[in-house]
Protein chains: 2
Amino acid sequence: MDSNVSLESSTKQRFAGRKITSQRTLLLDLIRKADGHLSADELYRQAREMGASLSLSTVYRNLRLFKKLNLIDEHHLAQEHHHYEARSSTEHQHLICLDCGQVIEFQSSFTKRMKQVIRRKMGFEITGAEVHFMGYCARCRPQEEQVNTPARSYGHD
Amino acid sequence: MDSNVSLESSTKQRFAGRKITSQRTLLLDLIRKADGHLSADELYRQAREMGASLSLSTVYRNLRLFKKLNLIDEHHLAQEHHHYEARSSTEHQHLICLDCGQVIEFQSSFTKRMKQVIRRKMGFEITGAEVHFMGYCARCRPQEEQVNTPARSYGHD
DNA sequence: CTTACTGCAAATAGTTTGCAAGAAG
DNA sequence: CTTCTTGCAAACTATTTGCAGTAAG
């Protein structure tokens with residue numbers, strides 16, 4: 001299955017015929033080195049802090065390009081703006097704490113299996129997944145058990 | 001028994017002390033009757049078509065309220081705007097076709113199980129989930145097995 | 001040289017907010 | 001009557017685009 005992975009290939013190949021500009025190289029580098037997910041604005045700021053000369057439009061334009069070339073993934077987390085991260089071989093999901101706002105990554109084989117089932121049962125060919133769980137992390141979780149919780153009648157757990 | 005189906009309770013209870021306005025009643029009705037997910041704008045348009053007098057801000061304000069009261073769920077699909085739908089007892093996930101744009105709902109017990117595992121393993125209390133799979137539906141799926149070809153009109157930029 | 005890329009500013013899309021008028025309780 | 005809600009317009013945030021100048025190939 002790894003026969004066609006090109007994430008590590010040369011810069012030339014990366015951009016598939018497009019021109020290699022300092023902005024593109026830097027942006028992709030920053031995304032790859034970031035350990036989490038970045039917003040367009042965070043990315044822009046980081047680039048400027050490194051002394052690079054580029055504009056926010058360039059950031060957006062290139063994010064779109066990278067996405068099209070499958071170099072990065074775009075996530076629609078529970079926030080107003082998007083987040084981007086380098087496409088990696090290890091697929092993962094996100095836990096979002098509604099209190100402290102942190103985003104925790106986790107892995108689960110469920111997603112992979114779910115995809116298989118969907119392809120078989122519905123003929124839907126899945127190319128990308130976004131799995132987000134919202135809730136409260138161990139630290140922010142309320143201690144006491146609510147008695148009259150109105151919003152949790154999902155066939156119990 | 002805790003199986004209070006609060007979704008069907010009286011209008012008074014619904015808004016938890018807030019005032020009951022014609023706009024609120026209509027909006028919630030429309031959301032409940034819609035079989036899919038609506039955007040704020042679609043909802044606004046539908047309401048206007050029914051002759052109702054309301055503004056887009058009112059739609060947004062009330063969507064926010066309904067969300068807070070757990071009457072509806074907000075989804076961040078792979079689009080620029082949000083989608084809303086009545087909170088229902090049957091939890092479901094979304095398949096989004098990147099070609100024709102349709103959003104298909106499906107159910108899977110995987111999600112429920114994943115949530116259990118996460119709570120046990122990570123102590124993360126999950127209150128809401130968004131599971132989206134992007135890809136190509138049976139109709140739009142290319143016949144040939146081109147998985148890695150970015151395919152289709154890449155035009156430029 | 002040629003064509004694609006960038007920066008800037010202006011344009012959009014989606015959503016929020018301040019304030020005065022109006023409706024619910 | 002009092003308080004909450006609405007409508008309108010203006011504000012805001014995230015993102016896109018037109019155009020002329022600039023850099024990559």
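What you see is a predicted model, and the numbers here were worked out from it, not measured in a lab.
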Those residues of residues 40-53 of chain A lying under 4.0 Å from DNA chain C by at least one heavy atom: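 Result for residues 40-53 of chain A: A/Ser53, sorted by number.
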Are side-chain heavy atoms of [X] and [Y] found at a separation under 4.5 Å?
X	Y	answer
B/Arg32	B/Leu28	yes
B/His92	B/Phe106	no
B/His132	B/Gln93	no
B/Thr111	A/Phe110	no
A/Gln116	A/Arg113	yes

Pairwise 5' ranking along DNA chain C for B/Tyr84 and B/Lys19, keeping only the more 5' one: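 The answer here is B/Tyr84.
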Test salt bridge (Lys or Arg N to Asp or Glu O under 4.0 Å) on B/Glu125 and B/Arg119; report intermediate values, then the result. CA-CA 6 Å; B/Glu125 177 74 28; B/Arg119 180 171 327 161; 3.8 Å; yes
Testing B/Arg87, B/Lys68, B/Lys67 for salt bridge (charged side-chain N to carboxylate O under 4.0 Å, His left out) with B/Asp73, which one passes?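 Going through the options one by one, the only one that passes is B/Arg87.
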Can you find a side chain N or O atom of B/Gln23 that sits less than 4.0 Å from OP1 or OP2 on D/dG7?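 Result: yes.
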Check this one for me: any side-chain N or O of A/His81 less than 4.0 Å away from OP1 or OP2 of D/dT15?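 No.
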When the distance from [atom1] of [X] to [atom2] of [N] is rounded to whole Å, what number comes out?
X	N	atom1	atom2	value
A/His82	C/dT15	NE2	C1'	14 Å
A/His76	C/dG14	NE2	C1'	14 Å
B/Glu80	C/dA13	CD	C1'	8 Å
B/Leu69	D/dC4	CG	P	15 Å
A/Ile20	C/dC5	CD1	C1'	13 Å

Which heavy-atom pair separates B/Leu38 from B/Leu30 by the least distance, and what is that distance?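 In this case the closest contact between B/Leu38 and B/Leu30 is CD1-O, 4.1 Å.
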A/His75 and A/His37 aromatic ring geometry - parallel, tilted or perpendicular at 30°/60° bounds: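 Answer is perpendicular, since the angle exceeds 60°.
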Those residues of residues 54-67 of chain B lying under 4.0 Å from DNA chain D by at least one heavy atom: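 The stretch gives B/Leu54, B/Ser55, B/Ser57, B/Thr58, B/Arg61, B/Asn62 as the residues lying under 4.0 Å from the strand, ordered by number.
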Pair pattern of DNA chain C in dot-bracket, where unpaired bases get dots and | marks partners in another strand, Watson-Crick or G-U under 3.5 angstrom: |||||||||||||||||||||||||
Please determine whether residues B/Phe124 and A/Tyr136 belong to a single hydrophobic cluster, defined as Ile, Leu, Val, Met, Phe, Trp and Tyr linked transitively by side-chain heavy-atom distances below 4.5 Å.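 No.
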Looking just at side-chain N and O atoms, do B/His83 and B/Glu85 make a donor-acceptor pair shorter than 3.5 Å?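 Distance-only check fails for B/His83 and B/Glu85.
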